[in-house]
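Computed from a predicted model, the values in this text were never measured in an experiment.
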Amino acid sequence: MTHQEQQGLPAARQLVRECRKLGAVQAPATVLPTVMGRLGLVDTYFQVNTPLGTVFVAYNRSGVCAVRPATSALQFEAAFHAAFGRQIHAASEPPAQLVRAITHQLAGTTSPDLRFDLRQLSEFERAVLRKALEIPRGEVRPYAWIAREIGHPGAMRAVGTALARNPVPLLIPCHRVVKSDGHLGRYSMGGADAKRTILQAEGVDPDALEELARAGVRYYGCTSTHVYCFPTCRHAPNTHRIHFASAEEAFRAGYRACRACRPAQAS
């Protein structure tokens, strides 16, 4: 039994004692799942509209634990049980605070009230997803950036695997991570077309990114400040711009890395 489950036992036992006092009174079938959900003892879910259509969001006392598209509630419940080994119930009314936090997160305003239940992931996988959370809306970073930022500069493949296992896509924006050569790459929820759709909704031009990747352009340098950035960085220059194929090329030309997007290891 986990620590979280142990914490919930007193509340569950009290609930049983109170229910016994009701005698033969028959409560509606929805009462028990609703009460247990509010106590944080079971997973519950509701639906949210996103640029990719309607998705199901599951949560418990530890936070949001799953985001998935599905053709029906029954299909989502079956997929959730297969993935996590736990039963799940529809929320009669999702917590207003959680709905607000998710709305802010999808709008690009990181919400401190939004917590995630990532217990099934390894510490490395959780570190990858926490770093992906730092990528601003309308910007992208390569796998190599995440690997370097979390202290595993050679682990690009493992980073990709961790992102593919993200149980809460959209809210933890793995769609903002692209291949190290600049191409968009895959996406765990709906494939490459879905990745293009959500990036476009956030203000990124996927065609422009692919064109830069084909041309071998990895960074933009500003000729007036001698700072270089990732092309989608909010500080990337629109004028006085020069292109670089690598951080080494920018360094040799006398440019320093942007402190906001950190395209290279700080010296």
Side-chain angles (χ1 to χ4, degrees), residues 51 107-110 127-164 166 169-170 172-188 191-267:
T109 306
T110 302
V128 168
L129 297 187
R130 287 194 295 267
K131 183 55 61 174
L133 268 173
E134 296 181 14
I135 305 173
R137 180 184 175 89
E139 300 186 26
V140 299
R141 301 285 187 272
Y143 296 136
W145 179 85
I146 287 188
R148 173 171 52 78
E149 288 271 316
I150 65 173
H152 297 276
M156 284 84 77
R157 185 180 295 274
V159 165
T161 300
L163 293 170
N166 179 10
L170 292 179
I172 294 182
C174 54
H175 58 274
R176 296 176 192 160
V177 186
V178 299
K179 295 176 66 176
S180 294
D181 62 6
H183 289 284
L184 296 183
R186 300 177 181 177
Y187 184 45
S188 62
D193 288 342
K195 188 170 190 174
R196 293 176 68 90
T197 297
I198 190 64
L199 286 175
Q200 283 180 318
E202 294 185 348
V204 177
D205 184 343
D207 292 330
L209 289 183
E210 290 286 0
E211 181 59 32
L212 288 174
R214 287 191 292 270
V217 175
R218 301 292 177 267
Y219 308 104
Y220 286 164
C222 179
T223 57
S224 60
T225 64
H226 278 216
V227 172
Y228 70 98
C229 304
F230 287 115
T232 57
C233 175
R234 60 189 179 277
H235 298 297
N238 292 317
T239 58
H240 306 289
R241 189 165 70 194
I242 186 173
H243 296 170
F244 293 114
S246 67
E248 292 77 12
E249 182 183 2
F251 178 78
R252 289 195 302 269
Y255 284 69
R256 59 183 175 83
C258 172
R259 293 181 180 178
C261 68
R262 303 185 297 279
Q265 182 69 47
S267 57

Worksheet entry | Inter- and intrachain pairs under side chain to side chain donor-acceptor pair (under 3.5 Å), touching residues 199-212, at least two apart | H175-E202, R176-E202, H183-E210, R196-D207, E211-R214
Worksheet item: How long is the span from the SG atom in C222 to the CG atom in N238, to the nearest 0.5 Å?
Response: 10.0 Å
Practice prompt. Kindly give the heavy-atom pair with the smallest separation between M156 and A147, and that separation in Å.
Written response: N-CB, 4.2 Å
Discussion item. Looking at R252 and E249, is any side-chain nitrogen of the basic one under 4.0 Å from a carboxylate oxygen of the acidic one?
Written reply: no
Discussion item. If I take atom CZ from residue R137 and atom CD1 from residue I198, how far apart are they, to the nearest 0.5 angstrom?
Written reply: 7.0 Å
Worksheet item: So, for V178 and V140, which heavy atoms are closest and what is the spacing to 0.1 Å?
Response: CG1-CB, 4.0 Å
Item to complete: Could you give me the CA-CA distance, side-chain angles and deciding distance for D181 and R218, then say whether side chain to side chain contact (heavy atoms under 4.5 Å, CB included) is met?
Response: CA-CA 8 Å; D181 62 6; R218 301 292 177 267; 3.8 Å; yes
Worksheet item: What distance separates C233 SG from Y228 OH, expressed to the nearest 0.5 Å?
Response: 12.0 Å
Item to complete: Find the distance between CD1 (I172) and CG (N166) and round it off to the nearest 0.5 Å.
Response: 5.0 Å
Worksheet item: Quick one: OG on S180 to CZ on R157, what's the gap to the nearest 0.5 Å?
Response: 11.0 Å
Worksheet item: Is it true that H243 and Y219 have ring centroids separated by less than 6.0 Å?
Response: no
Worksheet, complete the sentence: When every non-hydrogen atom of A164 is compared with those of S188, the smallest separation belongs to O-CB, 3.6 Å
Worksheet item: Step by step, would you call Y143 with K179 a side chain to side chain contact (heavy atoms under 4.5 Å, CB included)?
Response: CA-CA 6 Å; Y143 296 136; K179 295 176 66 176; 4.0 Å; yes
Worksheet entry | Side-chain touch R141/T232, heavy atoms, less than 4.5 angstrom | yes
Response to the item:
When every non-hydrogen atom of A236 is compared with those of F230, the smallest separation belongs to CB-O, 3.7 Å
Discussion item. Side chains of L184 and L199, heavy atoms from C-beta outward: is any pair under 4.5 Å?
Written reply: yes
Fill in: Interatomic spacing from CD1 in I135 to SG in C261 - rounded to 0.5 Å
11.5 Å
Fill in: Flag side-chain contact, heavy atom, 4.5 Å: V177 against P142
no
Worksheet item: Below 4.5 Å, heavy atoms only, C-beta onward: do Y187 and P169 meet side chain to side chain?
Response: yes
Response to the item:
Minimal heavy-atom distance between Y255 and I242, with the atoms involved, is OH-CG2, 3.7 Å
Item to complete: Would you name the heavy atoms of R186 and K195 that are closest together and state the gap between them?
Response: O-NZ, 3.1 Å
